[in-house]
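What follows is a short report on a single structure.
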2 protein chains.
Amino acid sequence: MTKLEKGPQGRRRGRGARERILSASQQLFRAQGINRTGMDQLCAVAQVSKRTAYQHFTGKDDLVAEYLRRFDPDIMAGVFDRTDLTPRERLLAAFEVPTSGPEELTPLCPYIAATVEIHDPQHPASQYARDYKLAVAARLAETAREGGAANPEQLGEQLALLLDGASARTRVLNAESFPAAAAIAAVLIDNALPATDRDRGSEKGAVRFE
Amino acid sequence: MTKLEKGPQGRRRGRGARERILSASQQLFRAQGINRTGMDQLCAVAQVSKRTAYQHFTGKDDLVAEYLRRFDPDIMAGVFDRTDLTPRERLLAAFEVPTSGPEELTPLCPYIAATVEIHDPQHPASQYARDYKLAVAARLAETAREGGAANPEQLGEQLALLLDGASARTRVLNAESFPAAAAIAAVLIDNALPATDRDRGSEKGAVRFE
DNA sequence: TCCTTTGTACACCGAGCTGTGTACTTAAAA
DNA sequence: TTTTAAGTACACAGCTCGGTGTACAAAGGA
């Protein structure tokens with residue numbers, strides 16, 4: 001009991017250090033931004049010693065890159081995987097607010113945020129951001145093709161642009177912009193998809209989903 | 001000539017210190033971002049002593065706010081002032097790339113950049129950003145009304161969203177997105193404006209795009 | 001000419017940042 | 001039980017940043 005009093009005082013949190021670090025990153029980078037989140041604070045929230053953090057990641061840049069990579073695997077899963085919806089409905093579902101809270105705003109897309117904060121197009125984070133954006137557009141195009149769109153790539157790119165616009169504008173205006181984007185999306189989709197799929201038609205189509 | 005050798009060495013640049021500072025801000029904040037531009041570098045570029053800078057602005061925050069205020073007066077002048085164009089053409093002109101260089105990308109809207117970098121919605125810069133965005137939407141709505149749009153406010157907000165989307169996406173993808181946004185805008189405008197104004201229509205004024 | 005305003009040179013402070021070195025402890029696999 | 005991988009506490013180096021204090025110099029109107 002010599003100098004042991006301070007040794008295991010904040011007792012061991014076990015092995016999941018890396019997970020805790022990444023989870024704290026997600027929380028803090030979103031809430032405060034990347035540049036305004038210091039490694040000290042991050043380690044405190046993750047309940048991890050600074051030394052441990054730098055054993056798992058070569059530096060903050062590395063951590064940021066990993067933080068972004070985390071979003072990749074589930075590119076808008078829960079939207080594109082919903083086989084119960086028609087392609088048209090799936091495309092529109094991408095604009096539905098995550099329904100987090102009643103008055104809570106949709107947070108700015110972390111890839112846009114990272115690109116602006118990092119500011120270096122060569123940084124891995126910026127690379128991931130491009131890859132992700134292209135992947136989303138491709139997913140949308142794929143669904144558009146499934147729905148029989150005349151030019152699925154164009155529709156995918158257009159819808160992706162709407163998503164980014166809604167994301168950025170929600171942040172700047174501090175007011176939800178996704179409903180407005182969804183309205184535009186509906187127009188574009190109805191213009192691009194054949195009428196047979198336009199099941200939502202007021203009265204003339206009226207096929208409903210088969 | 002005792003200690004005078006260093007006195008007037010970098011000789012006086014005259015009275016326009018404030019202008020030089022703001023002009024250097026514009027250059028550096030756009031090129032490097034706000035957070036990555038230190039006051040030392042800024043003063044060096046402006047050819048102004050640090051002391052002088054802090055006599056004109058109470059702090060960096062103040063400077064950032066003034067930097068953004070500079071854009072206000074001419075809210076997209078040169079677009080809305082073009083009386084030679086029909087309202088429809090003016091709305092579309094807002095999407096024309098500033099034609100800076102042949103291969104140069106449209107820079108990210110400084111208000112979006114500042115909002116993301118500053119991250120504090122209470123910061124004057126964020127306030128200005130909101131004000132500016134609302135002003136642009138209002139201008140667009142005004143022109144839409146002039147063109148006889150059924151719901152000018154809605155069209156203005158929609159076009160503003162497209163502009164923001166193109167701006168953000170151009171930055172993230174590192175590829176020009178304004179033409180794609182312009183294509184969407186054309187659809188929305190043609191849907192909203194009465195056929196009489198749809199002078200550009202290829203034939204019969206269909207709502208086609210492409 | 002004088003005098004006020006504006007700008008200058010430069011050292012310096014304190015805070016916060018990323019990242020490291022060292023000596024130690026613990027959990028769990030072997 | 002022994003060994004090893006993972007985690008810890010903490011001080012500290014080194015840097016950049018925003019911002020200030022001081023003493024001085026020049027421009028320009030009166």
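The chains referred to below are lettered A, B, ... by the order of the sequence lines, with proteins before strands, and numbering in each begins at 1.
Comparing C/dT22, D/dG7, C/dT8 by their closest approach to the side chain of A/R51 singles out C/dT22. Distances from the side chain of B/Y54 to the nucleotides D/dG19, C/dT8, C/dT18 place D/dG19 closest. Proximity note for B/M39 (side chain, C-beta onward) versus C/dG21, D/dG18, C/dT18: the nearest is D/dG18.
The separation between B/K50 atom NZ and D/dG19 atom P is 9 Å, rounded to whole Å. The separation between B/Q41 atom CD and D/dG18 atom C1' is 14 Å, rounded to whole Å. Rounded to an integer number of Å, the gap from CG of B/D40 to C1' of C/dA11 is 12 Å. Regarding B/Q47, its CD atom lies at a distance of 9 Å from the P atom of C/dT8, rounded to whole Å. Atom P of nucleotide D/dC17 and atom CG of B/L42 are separated by 12 Å, given to the nearest angstrom. Atom pair B/Q55:CD and C/dA9:P shows a separation of 13 Å (rounding to whole Å applied). Atom CZ of A/R36 and atom C1' of C/dC17 are 13 Å apart (whole Å). Separating the CG atom of B/D61 from the P atom of D/dG18 is a distance of 10 Å, rounded to the nearest angstrom.
When heavy atoms are screened at a 4.0 angstrom cut-off, A/T37 is found touching the sugar-phosphate backbone but no base atom.
No donor-acceptor pair closer than 3.5 Å links the side chain of B/K133 to the backbone N or O of B/A160. In this structure a side-chain-to-backbone donor-acceptor pair under 3.5 Å is missing from B/E146 to B/P87. With hydrogens and angles ignored, the 3.5 Å screen pairs a side-chain donor or acceptor of A/R20 with a backbone N or O of A/Q47.
A residue-by-residue look at B/A17 and A/I34 shows that B/A17 has its nearest nucleotide of DNA chain C further toward the 5' end.
Between B/S49 and C/dA9 there is no side-chain N or O to OP1 or OP2 distance below 4.0 Å. For C/dT6, the OP1/OP2 oxygens have no side-chain nitrogen or oxygen of B/H56 closer than 4.0 Å.
Note: A/Y111 and A/Y132 have parallel aromatic rings, judged against thresholds of 30 and 60 degrees for the angle between ring planes.
Using a 4.0 Å cut-off between charged nitrogen and carboxylate oxygen, A/R169 and B/E157 count as a salt-bridge pair.
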